[in-house]
Each structure stands twice: as C-alpha cells, then as structure tokens.
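Letters A, B, ... are given to chains in the order of the sequence lines, protein chains preceding strands, and every chain is numbered from 1.
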Protein chains: 2
Amino acid sequence: MIDDTDRHILHILQENARASNASIARQIGMAPSAVLERIRKLEKRGVIQGYEVKLNAKKLGLALTAFIRVGSEERVGSTQTGRNLAQLPEVQEVHHVAGPDCYLVKVHVPDNESLGQLLQRFGAIEGVSYTHTVLVLTPIKESAPLPLPEPHPAS
Amino acid sequence: MIDDTDRHILHILQENARASNASIARQIGMAPSAVLERIRKLEKRGVIQGYEVKLNAKKLGLALTAFIRVGSEERVGSTQTGRNLAQLPEVQEVHHVAGPDCYLVKVHVPDNESLGQLLQRFGAIEGVSYTHTVLVLTPIKESAPLPLPEPHPAS
DNA sequence: GTTGAAAGCGTGAAATA
DNA sequence: TATTTCACGCTTTCAAC
C-alpha cells in the first residue's frame, strides 16, 4: 500500500510541503524524477489530497476560534444539514459525529459579534435544532503532522 | 498590516501551497522576485507559519478520528495538562476552551483498540480528571481555507 | 517595485536493471 | 515495474537599479 520510500517522502512533505523534488531526492538518496513520479502516484491514489499553507488566523483578523455542536432534526442517515453548514466560508471543519449531537463544527471569525451573526445563519439552515458553542481560549497545538509509522531502514 | 497583493498571494497559496513563485507572479501580474520577497516577509512576520501536505488519514491506516473533551484539575490559568496532551503524536489538536471542560483534543488513530490505549495514556497525565470521547462518523469538511477578505481591485 | 544573469530545478524521454 | 541519466526549458535567487 505505502512503502518506506513513500513514508519518507510524506514525512518530509509534512514538515515542509514546499520542499523541492530535488531537495527531497537528496535527503532520501534518489533521483529527482523518481521522487516526482512517486509524488504523482500518491496524488493520483488520493493519499496526498493537496498542499496547504498554514496561516496565523489572529494576524489575519480572525481572532476567535470556536467549536460548535449542532443538533439537527433530519432523517436518520442524512448529512444534508452538515453539507449546508459546510458551505459557509467561516466554517473550517464539519464532522458528522456519534452521540447526542449530530455535528461538530469548527469556525474562525473576527470577533464575538461575527460569531453571533454566524450562529444566526446556522439557525436559518433547515433541520438545525440547536447550537452549543465552545470558545477556544488558547490553541495549544494545531495541525500536527499525522503519525505515520517511521520508515524502517533497509537492512 | 496586509495589503491586497498579500491577500492575493495568500489566496493562491491556500489553493495550492506548492504553486511556484513564477506562476503566482503571472497570476497577479508581478515580477517573480517581488512575489518571493513578499512571501519571505509574510513568513518572517509569522503570517505564514508553514506549508503542509493534506493527507488522507484513512488511506494511511488511521481510520478513526475522534474529539475528546478532557477535564483537568490543575491550577486556574495553567495549561500544563494541555501541553502534556500535545506531546502525544496521535494528538493533532489541543485547544484550551471556555466552559465546563478544560481541553478539546482531536486525535487520529488506526482503530478502537488504539483509541482505548490512547485514552489510558491520557489518564496517566497529571491533572486529567475525565475524558469524554466523541467519535467522528463522517468528516464532511476539513481544513478549508481561512476566509480572507477578498482583495479589492485597484481603482 | 523591476530587470538581468547565474545557478538550480522540473520534467519527459530513453536507457537500465 | 521502478529507477537513473541526460537534456531542455523554466524557476529561483541575488545584485543592481
């Protein structure tokens, strides 16, 4: 499925997604074109889903992060309400979850007032029955790399 | 703080963090060296905090995502317990939050059994008084770009 | 901000194992 | 199949403006 070479490449890309193929090639002792081909295959297979820049939300005027539990009165098994929530640009994540709530939603907004306006828009979405908002006071860890098994050194 | 040109660059990088300086330069009608310099300044100012690859957790054997609310009996104002939680590699996010719980934690693990073992390690961290785990059934939206104000066209 | 030039990189084709 | 080598064009980067 994924071999040690792939893991090694992914490990490097998790540290810096803008690393050049040539520098990756140097680090793993391969030709750049081989690295290119492996990355392309990982993209095609959907293991790599894209490349993102990590921005400082606060410095961009988005000082407030919140998690919102959303209740919904939709047909069992439907996720239509969640997909409607996901359309809003302030919404960074929507997860359909087990338990009494239906959705857990992560949002970034400039301030309390914007959060209030956003919750009103949540309320206008069909099926939404309640929201419970939890404010983030301090983000302690964010967007950590996934714990890939370490590549085994070839013996 | 951030002008329209910066916003334009960030907008492009949010879509594809591996976009070359030259292609960004073409899209915004500037010299590549000017783009390079702006990106460097955004990095130095901490607006850009890094470049990440978005991986498919399921295809890497991490089939289970969960959010865990963690209660802690530490001194008011301390976040030591949160920083200890953040050390674990399975933990992708730790937020110190308002409300009855102290922390909200996001984790990726291979399966139920690994989740159980992880929760045991949570319990071994000093101060942790309880955990409430919510399993993700379907991730509907993840790692969406931040809603930057659209750049105003120069008039 | 721009340009220009040198060094480095991306990428496909062909060769190799 | 997966990889290296090679060659071309493009990109990065810095210095000078």
For this session: Have a look at B/Ala31 and say if it touches a base, only the backbone sugar-phosphate, or nothing, with a 4.0 Å heavy-atom cut-off.
Result: base
Exercise. Can you tell me if A/Glu52 uses its side chain to pair, donor with acceptor, with the backbone of B/Gln14 under 3.5 Å?
Worked result: no
Exercise. Only one of B/Leu137, B/Val134, B/Thr65 forms a side chain to side chain contact (heavy atoms under 4.5 Å, CB included) with A/Val97, so which one is it?
Worked result: B/Val134
Exercise. Tell me the salt bridge (Lys or Arg N to Asp or Glu O under 4.0 Å) pairs involving residues 23-41 of chain B, sequence neighbours left out?
Worked result: B/Asp3-B/Arg38, B/Asp6-B/Arg38, B/Glu37-B/Lys41
For this session: Report the distance from atom CD of B/Glu126 to atom OG of B/Ser72, rounding to the nearest 0.5 Å.
Result: 9.0 Å
Exercise. Do the ring centers of A/His95 and A/Tyr103 come within less than 6.0 Å of each other?
Worked result: no
Problem set entry | Integer-rounded Å distance: C/dC9 P and B/Arg18 CZ | 13 Å
Exercise. Counting only N and O atoms by type, is there a donor-acceptor contact under 3.5 Å from the side chain of A/Ser78 to the main-chain atoms of A/Gln80?
Worked result: yes
Seminar exercise, completed: Per the under-4.0 Å heavy-atom filter, residues of residues 35-48 of chain A near DNA chain D come out as A/Glu37, A/Arg38, A/Lys41
Exercise. Does the side chain of A/Glu74 come under 3.5 Å of the side chain of A/Thr81 through a donor N or O and an acceptor N or O?
Worked result: yes
For this session: Select from A/Ala34 and B/Ser33 the residue whose nearest nucleotide in DNA chain D is closer to the 5' end of that strand.
Result: A/Ala34
Exercise. Between A/Lys106, A/Glu93, A/His132, which is the residue that forms a side chain to side chain contact (heavy atoms under 4.5 Å, CB included) with A/Phe67?
Worked result: A/Lys106
Exercise. First and last nucleotide of DNA chain D touching chain B, 5' to 3', heavy-atom cut-off 4.0 Å?
Worked result: D/dT11 to D/dC14
